[in-house]
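Let me begin by presenting the structure, written as structure tokens, before commenting on it.
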Amino acid sequence: MRRPRGTRDLFGEELARIRHVERVILDIFRRYGYQEVETPVFESLELFTKKSGSSIVDQIYAFKDKSGRELALRPELTAPVVRLYNEHLRSSPKPLKLFYLGHCFRYERPQIGRGRYRQFLQAGCEIIGSSRPEADAEVVALTAEIVEELGIKKCELRLGNVRLLREVLKRAGVSETEQDPIMRAIDSRDEIRLQAELDRWGIEEEDKKLLKSLISLRGGEKVLEDVRELIQGLPEATKALEKTKSIIDRLKWFGVHKFSIDFGISRGLEYYTDFVFELYSGGIQLGGGGRYDNLIELLGGEPCPAVGVGLGVDRIADALERHGVETPEDRLDCMVLPTTDEIIGEALRIAGELRRAGFSADVDLMGRSLSKGLSYANSRKAKFAVVVGPRDLKVGKVTIRKMKSGEQERVDRKRLTEFLSLG
RNA sequence: GCCAGGGUGGUGUAAUGGUAACAUUCGGGCCUGUGGAGCCCGCGUCCCGGGUUCGAAUCCCGGCCCUGGCCCCA
């Protein structure tokens, strides 16, 4: 028996790294005042098709249950959280700030080297009810704080706004849904593919040029001035640009100064309406988010603005490894080693005392000789070995050996935990 | 899902039609209260299913899985 394609077994350092990333992310969400929510791993298939269209069904683990209900393993968590909001929290004081951590599933070709798995762990947060730029800025600031606290240096934050491109396409006579293939072509950064899409919809030369200029303008804040001139004739796009500017102002007040602006970000088929952003490291996307002011209504709620971010925990952990960032390791405090079989009872009692005192302690369960036992303690990376034998016990003592240095000391059996507490 | 290249003990590799090998890990011994070494012993392997052949880990076909690219995305 083997595990299914695109899944993985986690253990050792890799799992420790993932747990570390989880702890940092969840801690930052709490520090920013978010509250945790949890939704089921499977939902109605409809929840996801409503958001992204039926074409994504072949990228979803979809199935019928025994009574014929169309269900799906969640491919992402924004839609489920919005559903939860609509079902239980619609009358909570706004803004409602929620965070989540959970596994998601996508039926795609796995590419481990790029951190793409069929089961992956996603963490994220949503601010529901605020349309103000502070809210957009907050989710970006918190994302930046996460990578900073984790110690990932080579990270890139890209900010954009899909409204600009969509307004240009609207003027060119392309309807909202027809815009999706073009937006995806833009997202792919493939000029030939984009050209083909633009030709297919018969876009005027002037608009084509405008689109291509918007996409090619990337970089620092001065891009905003260039863009302003390009979109002069489009009042809605100009409004979106002004809003993007005020988000950036607030982002700087949050203390984030390292970012680039890129109006070519389109975030695939997601239902983003305005501001969007992405987090990259070494060409791999670690996370992304943006504003989705229509989704809550689309899923059956009262119209309500919202903004959020999703983060790929596995990918962030992989990035941590690539950057050689050390993560704290969980070491065993004590290995208790009886010198003879007759003394096992006492060894077990000592281990119990250590555990009740809060230390991690293990007793050799293989009947090893002391020599092998110490070797085992070493391979288990124990900080201390506690040698328990009749010679010491006769005078009420045990021997504590510091594994790293080999120093040892005979201490009062009764004062063992006290001794270890002092390091 | 599509295209290309791969799959040998837990891990890393060798043998390329004729008895599956080496290193490491793991367990034991040398070693009856002091480790990481050494020597010795032991456990453990040809992805699965068909076909060709006297004989297949090896050649052929199909599947599964892995790696890279496409699509798509966290």
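Here is the naming used below: chain letters follow the sequence lines, and residue numbers restart at 1 for every chain. Computed from heavy atoms alone, side chains included, the values below leave out hydrogens, waters and symmetry copies.
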- Say whether Thr39(A) and Arg74(A), considering side chains only, have a donor N or O and an acceptor N or O under 3.5 Å apart. yes
- Closest to the side chain of Arg109(A), out of G69(B), A74(B), G35(B), is G69(B)
- Query: Whole-Å distance between C72(B) C1' and Ile186(A) CD1?
  - Reply: 16 Å
- Message: Using atom P in both nucleotides, what's the gap between G44(B) and G9(B) to the nearest angstrom?
- Response: 15 Å
- If we take the C1' atom in both C71(B) and C2(B), what is their distance in whole Å? 9 Å
- Could you tell me the separation between the CD1 atom of Ile400(A) and the C1' atom of G35(B), rounded to a whole number of Å? 17 Å
- Item | Nucleotide C72(B), atom C1' - distance to CZ of Phe48(A) in whole Å | 17 Å
- Task: Could you work out the separation of C73(B) and U11(B) based on their C1' atoms and round it to a whole Å?
- Result: 32 Å
- Lys NZ or Arg CZ of Arg118(A) over Tyr107(A) ring: under 6.0 Å, within 45°: yes
Name the pairs: protein N/O against N/O of nucleotides 63-66 of chain B, kept only if under 3.5 Å.
residue, atom, partner, partner atom, Å
C66(B), OP1, Gly6(A), N, 3.3
C66(B), OP2, Arg5(A), NH1, 2.6

- How would you list all residue pairs meeting salt bridge (charged side-chain N to carboxylate O under 4.0 Å, His left out) that involve residues 333-342 of chain A, not counting sequence neighbours? Asp333(A)-Lys383(A)
- Item | Under-3.5 Å donor-acceptor pair between Arg114(A) side chain and C73(B) base | no
- Spacing of the P atoms in G68(B) and G12(B) (rounded, Å): 15 Å
- From the list C70(B), U34(B), G33(B), which nucleotide is the closest neighbour of the side chain of Leu374(A)? U34(B)
- Message: Using a 4.0 Å heavy-atom cut-off, does Thr399(A) contact any base of the nucleic acid, only the sugar-phosphate backbone, or nothing at all?
- Response: base
- How would you list, by chain and number, every residue that makes a side chain to side chain contact (heavy atoms under 4.5 Å, CB included) with Arg415(A), sequence neighbours excluded? Asp412(A), Glu418(A)
- Item | Whole-Å distance separating the CE atom of Met335(A) from the P atom of U34(B) | 18 Å
- Task: May I ask which nucleotide in the shown strands pairs with U45(B), Watson-Crick or G-U wobble, both distances under 3.5 Å?
- Result: none
- Query: When all nucleic acid strands are considered with a 4.0 Å heavy-atom cut-off, which category describes Gly389(A): base, sugar-phosphate, or nothing?
  - Reply: base
- Applying the 3.5 Å cut-off to both distances, the Watson-Crick or G-U partner of U16(B) turns out to be none
- Task: Determine the Euclidean distance between corresponding P atoms of C61(B) and U52(B); express it in Å to zero decimal places.
- Result: 15 Å
- Message: Whether the side chain of Gln408(A) and the base of U34(B) hold a donor-acceptor pair under 3.5 Å is what I'd like checked.
- Response: yes
- Taking it one step at a time, do Val363(A) and Ile344(A) satisfy side chain to side chain contact (heavy atoms under 4.5 Å, CB included)? CA-CA 9 Å; Val363(A) 184; Ile344(A) 283 177; 5.8 Å; no
- Picking from Lys97(A), Arg31(A), Arg132(A), what satisfies salt bridge (charged side-chain N to carboxylate O under 4.0 Å, His left out) with Glu138(A)? Lys97(A)
Please tabulate, one pair per line, each protein N/O and nucleotide N/O from nucleotides 36-46 of chain B that are separated by under 3.5 Å, including the distance.
residue, atom, partner, partner atom, Å
G36(B), N2, Asn378(A), OD1, 2.1
G36(B), N2, Asn378(A), ND2, 3.1
G36(B), N3, Asn378(A), OD1, 3.2
G36(B), N3, Asn378(A), ND2, 2.8

- Message: Using a 6.0 Å cut-off, check whether atom CD of Glu38(A) has over 12 heavy atoms from anything other than its own residue.
- Response: no
- Any donor-acceptor N or O pair under 3.5 Å, side chains Tyr117(A), Arg8(A): yes
- Complementary nucleotide for C71(B) - Watson-Crick or wobble, under 3.5 Å: none
- For residues Arg83(A) and Pro40(A), report the shortest heavy-atom separation together with the two atoms involved. NH2-CD, 3.5 Å
- Message: Test of understanding: with side-chain hydrogen bond (donor to acceptor under 3.5 Å, both in side chains), list the residues that count as partners of Tyr100(A), not counting sequence neighbours.
- Response: Glu126(A)
- Base, sugar-phosphate alone, or nothing: which one does Glu108(A) contact when heavy atoms must sit under 4.0 Å apart? base
- Go through the steps to decide whether Glu148(A) and Lys258(A) satisfy the test side chain to side chain contact (heavy atoms under 4.5 Å, CB included), and finish with yes or no. CA-CA 11 Å; Glu148(A) 194 192 327; Lys258(A) 219 183 85 186; over 6 Å; no
- Nearest-angstrom distance from the residue atom CZ of Phe120(A) to C1' of C72(B): 11 Å
- Query: What does Leu286(A) touch in the nucleic acid at a heavy-atom separation under 4.0 angstrom: a base, only the sugar-phosphate, or nothing?
  - Reply: sugar-phosphate
- Quick one: look up who A23(B) pairs with, Watson-Crick or G-U, both distances under 3.5 Å, and put none if it's unpaired. U11(B)
- When we call it a touch if two heavy atoms are under 4.0 Å apart, what does Gly115(A) touch: a base, just sugar-phosphate, or nothing? base
- Is Glu22(A) salt-bridged to Arg19(A), cutoff N-O under 4.0 Å? yes
- Can Tyr376(A) be said to stack with the base of G35(B), given centres closer than 5.5 angstrom and planes under 30 degrees apart? no
- Look through every strand shown and name the nucleotide pairing with G5(B) as Watson-Crick or G-U wobble, where both distances are under 3.5 Å. C66(B)
- Query: Can you check the Tyr280(A) OH to C73(B) P distance for me, whole Å?
  - Reply: 10 Å
- Item | Any N/O donor-acceptor pair, Arg106(A) side-chain to A74(B) base, under 3.5 Å | yes
- Look at Gln111(A) and G69(B) and indicate whether a side-chain polar atom (N or O) is within less than 4.0 Å of OP1 or OP2. yes
- Message: G27(B), OP1 or OP2 - any side-chain N/O from Arg368(A) closer than 4.0 Å?
- Response: yes
- Message: Tell me the interatomic distance from Met183(A), atom CE, to C71(B), atom C1', rounded to whole angstroms.
- Response: 19 Å
- Which pairs pass salt bridge (charged side-chain N to carboxylate O under 4.0 Å, His left out) with one or both residues in residues 285-296 of chain A, sequence neighbours excluded? Asp136(A)-Arg291(A), Arg291(A)-Asp293(A)
- Query: Has Tyr107(A) got a side-chain N or O lying under 4.0 Å from the OP1 or OP2 atom of G1(B)?
  - Reply: yes
- Could you check whether Asp314(A) gets within reach of a base, just the sugar-phosphate, or nothing at all, counting any heavy atom under 4.0 Å? nothing
- Query: Please give, in whole Å, the distance from A74(B) P to Phe277(A) CZ?
  - Reply: 11 Å
- Task: Rounded to whole angstrom, note down the P distance from G6(B) over to U58(B).
- Result: 15 Å
- Query: Distance between the C1' atoms of C65(B) and G55(B), in whole angstroms?
  - Reply: 29 Å
